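First the structure, in the form of structure tokens, and then the observations on it.
Ligands are counted one by one from 1 in listed order, and the atoms in each one are counted from 1 as well. If you read the sequence from its start, that first residue is 1, and numbering goes on from there. Remember, predicted model here, so these are calculated numbers, not experimental data.
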Amino acid sequence: MSDRGIERGPSGCCICGLQFGDEGKGQIVDYLAGDFDVVVRYNGGANAGHSVWIGARRQAFHLMPSGILRDGVLNVIGNGTAVDPAQLIEEMDELEREGYAVDPERLAISDRAHVVMPYHKIEDELMDRAFASGENGELGTTRRGIGPCYADKAHRVTAVRMADIEDPAYLSSRLPRLVSLKNGVLGALAGESGLPFERLASEPLVERCAAWASRLAPYITDTAHLLVTAWRSGRNILFEGAHAALLDVDFGTYPFCTSSVCSPGGALAGTGLTADCLGEVVGVAKLYMSRVGAGPFPTEIRGAAADRVRDAGNEYGTSTGRPRRIGWLDLVALKHTAQVTGVTALAVTGLGVLSKLSELRVCVGYSLGAERIDRVPANVRRLGDVQPRYEELEPVDGPLDGVRRRADLPRGARRLIDRVESFVGVPVRYLCVSKGRSGVIG
Ligand code: IMO
Ligand code: MG
């Protein structure tokens, strides 16, 4: 039995974001990781930015699973991810400088994970800029090459996987052709976007792959086998979802979304584990909202009111530093994402920020002209046009510091959480009242 009462014998738990990302998934994963033997990232890549607070210091993870700060936890970068080896090596170096051991006992990288190549990052920007014209704005991707990497995964012939970078003969035979195709595509996109573009050469890429392989080879392995074996021998597995359900490639605000499946469905395809390993599915939701990049955001607020929230919550992108857009909690969207992810429990964050505001609203429905809408429309133009219908709630007025039980929260906070539960139909199991592990009530 663990100190939080979880029965030993394999238990799984899947953490996923329920809004537009940046809900505080890193804090929940870091809090829970002590009860798990393995933490596995199953989707996305360095477009994620998961923050863990250690005292007053913030550790930001992009590719590295957030369990790396816990002794005795194996961290796995699963086959469903898009790995930028240069970024990963940077994160490994930084952690080692901070005194954390990053050895193959603590980190494994799937040999089936796809590699974000340098040209994917160029393609990401050129495509976004080339498409934007007239009424079509940019998606505002993180420029981390994620969309083009997953597109190549679907194309197959143009993809490179982690197992390939360990195979110089294979790369030397394929990369010249691949680079020649990429030069054609990138040249055309550069022409359309009016941006400069320097033709790529294949030899330096082969060399870069070899350098990555020499550093990462000890970590690259068949992680599906590793995970299944760990599960069968009774290890507890925590699935760390990146991004969020409103950014999900199927159920998000498509096309203003990311390119991976962020839900627990992605956790299975992205690790090689089966549904019985998922266990509790915890959806993380912020009690106000933020969004980075373009796309519909019905409850968005602007001006001084948004600035107050942004400053109180330090709402600037962990990956890109961009100021995040700010909005009130949208319960219609939260109900939708809770449904399509099948979450069995909620973790809520952001109370500290709300405690600095003198008003509090939640969206409980949409209107479009005379029409009342209570689901998230698939058509993003419709979603962009809806007007939120708000319920005014009592502000979160009172101290949160030192609160260790839900019953001791200020009345406004308790009422807000009750309202979330009754609207969404899922219990709130974890509450974040301040930063770090000690700020989680679970
Ligand atoms: P975490 O895991 C916030 C957004 C980008 C952009 C869109 C597509 O930290 O919650 P991409 O580079 O993925 O092609 O960009 O998705 N986006 C995120 N926003 N948090 C994230 O991850 C995000 N991952 C992608 O801002 O609008
Ligand atoms: Mg983030």
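- Around the Mg ion (ligand 2), the protein atoms of type N, O or S that sit closer than 2.8 Å are D22 OD1, G49 O.
- Separation of atoms OG1 (T223) and CD1 (I109) is listed at 9.5 Å; rounding is to 0.5 Å.
- The environment of CZ in R215 is crowded: more than 12 heavy-atom neighbours from other residues, nucleotides or ligands sit within 6.0 Å.
- Salt bridge absent: R419 and E421 never bring a charged side-chain N and a carboxylate O closer than 4.0 Å.
- One finds the CG atom of D22 at 11.5 Å from the CZ atom of R291 (value rounded to the nearest 0.5 Å).
- A salt bridge between E240 and K25 is absent, with no side-chain N of the basic residue lying under 4.0 Å from a carboxylate O of the acidic one.
- Annotation: cation-pi geometry not satisfied between R325 and F297 (NZ/CZ under 6.0 angstrom from ring centroid, within 45° of ring axis).
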Q: Decide salt bridge (charged side-chain N to carboxylate O under 4.0 Å, His left out) for E192 and R129; before the verdict, give the C-alpha distance in whole Å, the side-chain angles of both, and the deciding distance to 0.1 Å.
A: CA-CA 8 Å; E192 289 286 332; R129 296 279 292 272; over 6 Å; no
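- For D248, the side-chain hydrogen bond (donor to acceptor under 3.5 Å, both in side chains) test picks out no residue, with sequence neighbours left out.
- Under the side-chain hydrogen bond (donor to acceptor under 3.5 Å, both in side chains) criterion, R208 pairs with no residue, sequence neighbours left out.
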Identify all pairs of nitrogen or oxygen atoms, one from ligand 1 and one from the protein, separated by less than 3.5 Å, and list them with distances.
| from | atom 1 | to | atom 2 | distance (Å) |
| --- | --- | --- | --- | --- |
| ligand 1 | 2 (O) | H50 | NE2 | 2.7 |
| ligand 1 | 2 (O) | H243 | N | 2.7 |
| ligand 1 | 9 (O) | D22 | OD1 | 3.2 |
| ligand 1 | 9 (O) | G49 | N | 2.8 |
| ligand 1 | 9 (O) | G49 | O | 3.2 |
| ligand 1 | 10 (O) | D22 | N | 2.8 |
| ligand 1 | 10 (O) | K25 | NZ | 2.7 |
| ligand 1 | 12 (O) | T142 | N | 2.9 |
| ligand 1 | 12 (O) | T142 | OG1 | 2.5 |
| ligand 1 | 13 (O) | N47 | ND2 | 2.8 |
| ligand 1 | 13 (O) | T258 | OG1 | 2.6 |
| ligand 1 | 20 (N) | D22 | OD1 | 3.3 |
| ligand 1 | 20 (N) | D22 | OD2 | 3.4 |
| ligand 1 | 22 (O) | H243 | ND1 | 3.2 |
| ligand 1 | 24 (N) | H243 | ND1 | 2.8 |
| ligand 1 | 26 (O) | V292 | O | 3.0 |
| ligand 1 | 26 (O) | R322 | NH2 | 3.1 |
| ligand 1 | 27 (O) | V292 | O | 2.9 |

